[in-house]
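This report refers to the structure that appears directly beneath it.
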Amino acid sequence: MNARTEQKLILKKINPTAMRLLVLDLLLKQTSAISLTDIEKGLEPSDRTTIYRTLKTFEEKGLTHVIDDGTGTPKYALCAEECGDHEHHDLHVHFYCTSCKETFCLPNSKIPDVILPGGFISTEMNLVVKGVCDKCAD
Ligand SMILES: [Zn+2]
Ligand SMILES: [Zn+2]
Ligand SMILES: [Zn+2]
């Protein structure tokens, strides 16, 4: 296991257990967001519940975020460096490609400010753009 993966966990104050290193290593290799089932397949024979708990810890510590891309299957992706303990600062747009069925983080496309009526308090924001990704477009 490489030192960079371990360093990333320590930086987010996560104890680098073998399982956490494996999950993070797999996430680092992805170019798009990945589902729990895909992670499970990539780490066979690992226990689904343990993987799920690992992802929960990552989310709480600001290492990964969950994406609801409208497919009904939550996807997981790594956060930007500035996310921290129970604080996610990377409110970016996600893109779902209807051709390859992959979900991508678009960290440079921030979710625009949404004006809410008086008395409405937002706790979460999710913006998914659907279409065709650059690889499928040609
Ligand atoms: Zn985040
Ligand atoms: Zn595509
Ligand atoms: Zn994302």
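Values below: all heavy atoms of this structure, side chains included; hydrogens, waters and symmetry mates excluded. None of these values were measured; they are calculated from a predicted model. Every number for a ligand or one of its atoms is a count from 1 in the order of the listing.
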>> For residues Ile39 and Tyr52: do they belong to one hydrophobic cluster (side chain heavy atoms under 4.5 Å, members Ile, Leu, Val, Met, Phe, Trp, Tyr)?
In response: yes
>> When you group the ILVMFWY residues by side-chain heavy-atom contacts below 4.5 Å and let the links chain together, are Val93 and Leu91 in the same group?
In response: yes
> So what does the His65 NE2 - the Zn ion (ligand 3) - His94 NE2 angle come to, to 10°?
Replying inline: 110°
>> Tell me whether the rings of His88 and His65 are parallel (<30°), tilted (30 to 60°) or perpendicular (>60°).
In response: perpendicular
>> If I take the Zn ion (ligand 2) as the centre, what angle separates the SG atom of Cys136 from the SG atom of Cys97? Nearest 10 degrees is fine.
In response: 110°
> Looking at Glu59, Lys12, Lys61, which hits side chain to side chain contact (heavy atoms under 4.5 Å, CB included) with Cys83?
Replying inline: Lys12
>> Quick check: of its N, O or S atoms, which one does His88 have closest to the Zn ion (ligand 1)?
In response: ND1
>> Regarding Thr71 and Asp69, do their side chains bring together a donor and an acceptor under 3.5 Å, going by distance alone?
In response: yes
>> So that I can check it, does any N, O or S atom in Cys83 come closer than 2.8 Å to the Zn ion (ligand 1)?
In response: yes
>> So that I can check it, does any N, O or S atom in Cys79 come closer than 2.8 Å to the Zn ion (ligand 3)?
In response: no
